[in-house]
Undergrad: 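Sharing a structure below in structure tokens format, with a few things to ask.
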Amino acid sequence: MTCDDVAVRLGAYLDGALPEESAEEVRHHLEGCPACVRRQEQAFALAAAVRAELPYHRLGDEARGRIRQTLARRAAPEAVSQARRFPIARRWLALAASLVLGLAGGWGLGVRHAPQASAELSLSRDVLAGHVRSLMADHLTDVTSSDRHTVKPWFDGKLDFSPPVHDLAAQGFPLVGGRLDYIAGRTVAALAYGRNRHVINVFIWPSAPEETGPDSGAESRQGYALLHWRHGGMTFWVASDLNPAELGRFVSLLQHGEPPGPS
Amino acid sequence: MTEALAQFEDAMLPHLDAAFNLARHLTGDDHEAEDVLQDACLRALKYFASFRGGSGKPWLLRIVRHTFYTRRRRRGMHEARTTVFDEEAHGMDSSEHGGPERSMLREDARRVLSEAMAALSPTAREVIVLRELEGLSYDEISRVTRVPIGTVMSRLARARERLQAALSAHASEWP
């Protein structure tokens, strides 16, 4: 497959819409072609920019009420019901919570409704800023490779710890690469994974003894989901705009190394 | 509330934002988008019996899209679409991501992308909305837009090329 062939198919490849045979050829080409890898990064960055910057127009409460009244009048002219309110964000959070809880059962991930401790709040702000920065500044990775045997050693000498790096390509979450980031006043490992055209950032650092607060949690911030947990002396934060079901599966893979069985 | 309406609302109200977002991107105008959505919802209610279950989103979006193109044909509007830069829709919290420079960069990227989107044809714009903002699969997009998957693929590739070109041209203007 030539670079031109790959260029035509790259979008569909990243969207997971290519037939397996064709996807395999693209994958094979990418392994030996830095120019096309660069093109792939550009495509990731474009998708991230489009999703982050294009307005998502939500229906206002008043317009929603008008539409429901029109429907009610049409369905039963005598029964005009009072418009109910649908707080979308809360519903989404509840969905995220149920899915994450369901998929990552046993890990006690839960949505926080109570006001957060200010330390955790500023931490989640840092993580979100790190995620957005990686998408906006076209600086997703310092080491771009889908091979964990390339990414993991890259961190040697740059960090005082060795972050666990998993290759989840077979499960549909290809490793894109790694970079250093700065969270909560320290240098941390950041791993980027792809899922179709969505980017998932995983931030990892050794848990500090003074780190308090819950062992795990999930929240939604500006349309991004943020999940975190501690395991094996490390603190993990995941940020993405991926839908809750797939993100839940990804987190479960990171934690258990294999897809959850059918429940 | 009647049983039929209750069933309709259960299946379709969760997708009202998606339906409005598509209508708003197609029309470029809040009021027209609400009109399209209003018509589409009535049409959806009327034909709800033909809804076979499963995800209601592609089904509703297909009706929104159909309503939009039908209205446009009736009015004889051809691609005439004026875009007003909407401060509110593009409103942003500059305090969140640090520094005036970054927010200016962001605002710029936002403006460039919005303008590039507005310059696309409705068929190109809708595949971007359906894929990037709604996360529909190629198969679902093919059902919503009633074209083969191969056509979805090529439309999407062309639309992305245009957006990428607009962003790159913009980036090269920076010192």
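Being a predicted model, the structure only gives us computed values, none of them experimental.
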Undergrad: If I take atom CG from residue A/Leu71 and atom CD from residue B/Glu9, how far apart are they, to the nearest 0.5 angstrom?
TA: 6.5 Å
Undergrad: For the interface with chain A, which of B/Glu34, B/Arg160, B/Glu132 has the highest count of heavy-atom pairs at distances below 4.5 Å?
TA: B/Arg160
Undergrad: Under the ring pair (Phe, Tyr, Trp, His ring centres under 6.0 Å) test, which residues partner A/Phe203, sequence neighbours left out?
TA: none
Undergrad: Return the option, out of A/Gly60, A/Ala7, A/Gly16, A/Ala17, with the maximum number of heavy-atom pairs under 4.5 Å with chain B.
TA: A/Ala17
Undergrad: So which heavy atom on A/Ala49 is nearest to which on B/Leu167, and how close?
TA: CB-CD1, 4.4 Å
Undergrad: Does any non-hydrogen side-chain atom of A/Arg68 lie less than 4.5 Å from one of B/Leu13?
TA: yes
Undergrad: Do side-chain atoms of B/His25 reach the backbone of A/His57 as a donor and acceptor pair under 3.5 angstrom?
TA: no
Undergrad: In terms of heavy-atom proximity below 4.5 Å to chain A, should B/Leu113 be classed as side chain, backbone, both, or neither?
TA: both
Undergrad: Let me know if B/Ile128 has heavy atoms under 4.5 Å from chain A in its side chain, its backbone, both or neither.
TA: side chain
Undergrad: Show, in sequence, the C-alpha distance, side-chain angles and deciding distance for B/Asp17 and A/Arg64, and conclude whether the side chain to side chain contact (heavy atoms under 4.5 Å, CB included) test is met.
TA: CA-CA 9 Å; B/Asp17 272 332; A/Arg64 186 179 301 266; 3.0 Å; yes
Undergrad: Residues in side chain to side chain contact (heavy atoms under 4.5 Å, CB included) with B/Arg143, at least two apart?
TA: B/Asp139, B/Glu140
Undergrad: For chain A, which residues from residues 36-44 of chain B have at least one heavy atom closer than 4.5 Å to it?
TA: B/Leu37, B/Gln38, B/Cys41, B/Leu42
Undergrad: Given heavy-atom pairs under 4.5 angstrom as the criterion, report whether the side chain, backbone, both or neither of B/Ala18 touches chain A.
TA: both
Undergrad: Below 4.5 Å from any heavy atom of chain A, which atoms of B/Glu134 appear? Answer side chain, backbone, both or neither.
TA: side chain
Undergrad: Taking only residues two or more places apart in sequence, or in another chain, which ones meet B/Phe51 in a ring pair (Phe, Tyr, Trp, His ring centres under 6.0 Å)?
TA: B/Phe48, B/Trp59
Undergrad: Which distance, rounded to the nearest 0.5 Å, do you find between the CG of A/Leu59 and the CZ of B/Arg24?
TA: 12.0 Å
Undergrad: Given a strict heavy-atom distance threshold of 4.5 Å, which part of B/Leu133 is in contact with chain A: side chain, backbone, both, or neither?
TA: both
